[in-house]
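Here's the structure we're looking at; comments come further down.
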Number of protein chains: 2
Amino acid sequence: MLIRIDPGSDVALFAQVAASLRGEMAQGRLRPGDRLPAAREVGTSLGVNLHTVLRAYQDLRDEGLVDMRRGRGAVVTPRAAALSDLRAEILALGDRARALGMTADTLASLVRDSLSDGQPGTGWPEGPREQV
Amino acid sequence: MLIRIDPGSDVALFAQVAASLRGEMAQGRLRPGDRLPAAREVGTSLGVNLHTVLRAYQDLRDEGLVDMRRGRGAVVTPRAAALSDLRAEILALGDRARALGMTADTLASLVRDSLSDGQPGTGWPEGPREQV
DNA sequence: CTCATTGTTATGGTTCTTCTATAACAGTTT
DNA sequence: AAACTGTTATAGAAGAACCATAACAATGAG
């Protein structure tokens, strides 16, 4: 278990914590059934507020990567195995992108946008806007 | 040229604009040498402030995807061709991730973190923190 | 049952980012 | 010369992120 954060980064702390844990899952160091360290423990040990850690845990829960219950803690779900399944391909893609002079952030943004190119769901409060 | 934003999204507007343009480059609809529409034009047409658009343009410039100069505008660089080179692989990876029940955001975060697993650069203001 | 542990919820406050608005400036092109 | 471009400056409003503190409720160990 290794959680790394950089307070000087422009990425939100809770996002860094969540990303760290996803990385552990992808590397197989966190497997289905494993329990995440208690949020309070991570918080104090990391010099970060309890809620910041919990926000990260909740993001992972929303992604179906962990189950959370009071008193029991946050437990890694079987779905987390999918992350390690993709690890090799992600690294390969990263190598190619790096060779083309692309940063990790650029590739990540490109991945997010390329996949959500589908039509947005209905019922928007303000609706999306376009510019041609 | 198609720029799409969703004011209700949790993603920052400037990031959406930048992501849209990256997508255009990946699809080959924006090629090296092409000029991006003027920031003011995009702003008014999109109902968004000039600076919000410029922030997106500057991000693309920092990634080496466009060159910017006063009076001339923002011009797509040769490096942008790399995006379309990776498009097929990104879509393939996205399909696999989707089949495993993974969202685009999850995959994007995983990509960003898996690639930046290397040692952080030196000279941090506060230094990164770890938790074992 | 008792009790320590864990996530959950609530409240309030500070700081930072994002977005907007307006204006002037300085290269580039026509 | 004039229209168009990104650049810089200033200032404000709104929201997100983060922190601090406290109480609550489910779980598991003893």
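Nucleotide C:dA21 holds its C1' atom 7 Å from the CG atom of B:N49, rounded to whole Å. Summarising the geometry, the separation between NE2 on A:H51 and P on D:dC19 is reported as 10 Å, rounded to the nearest angstrom. What separates CZ of A:R70 from P of D:dA26 is a distance of 6 Å, to the nearest Å. If you take CE of B:M68 and C1' of C:dT29, they are 17 Å apart, rounded to a whole angstrom. For the pair A:D59 CG and C:dT8 P, the interatomic distance rounds to 13 Å; values are reported in whole Å. The interatomic distance linking B:L13 (CG) with D:dA13 (P) rounds to 20 Å, in whole Å. When the P atom of C:dG7 is taken as reference, atom CZ of A:R69 falls 14 Å away, rounded to whole Å. Between the CG atom of A:L54 and the C1' atom of C:dA10 there is a distance of 14 Å, rounded to whole Å.
For the OP1/OP2 pair of D:dT5 and a distance below 4.0 Å, the side-chain nitrogens and oxygens of B:R35 include at least one atom meeting the criterion. Side-chain N/O atoms of B:R55 include one lying less than 4.0 angstrom from OP1 or OP2 on C:dT18. Proximity of A:T52 to the phosphate of D:dC19: a side-chain N or O atom is located under 4.0 Å from OP1 or OP2. Side-chain nitrogen and oxygen atoms of B:R72 include none within less than 4.0 Å of the OP1 or OP2 phosphate oxygen of D:dC4. Distances shorter than 4.0 Å separate some side-chain N or O of B:R61 from OP1 or OP2 on D:dT7.
Applying the side-chain contact (heavy atoms from CB on, under 4.5 Å) test between B:S20 and each of B:I3, B:I5, B:L46 identifies B:I3 as the sole match.
B:D59 contributes atom CG, which lies 6.5 Å from atom CD of B:E63 (distance to the nearest 0.5 angstrom). Atom CD of A:E24 sits about 9.0 Å away from atom CZ of A:R4, to the nearest 0.5 Å.
In terms of position along DNA chain D, the nucleotide closest to B:L50 lies nearer the 5' end than the nucleotide closest to the other residue of the pair B:L50 and A:A15. Annotation: of the two residues near DNA chain C, A:Y57 and B:F14, the 5′-most nearest-nucleotide partner is A:Y57.
Side chain to side chain, B:T106 and B:S109 fail the donor-acceptor criterion of an N or O pair below 3.5 Å.
Considering only the side chain of A:R40, C:dG7 comes nearest among D:dT21, C:dG7, D:dG6.
With hydrogens and angles ignored, the 3.5 Å screen pairs a side-chain donor or acceptor of A:S114 with a backbone N or O of A:L110.
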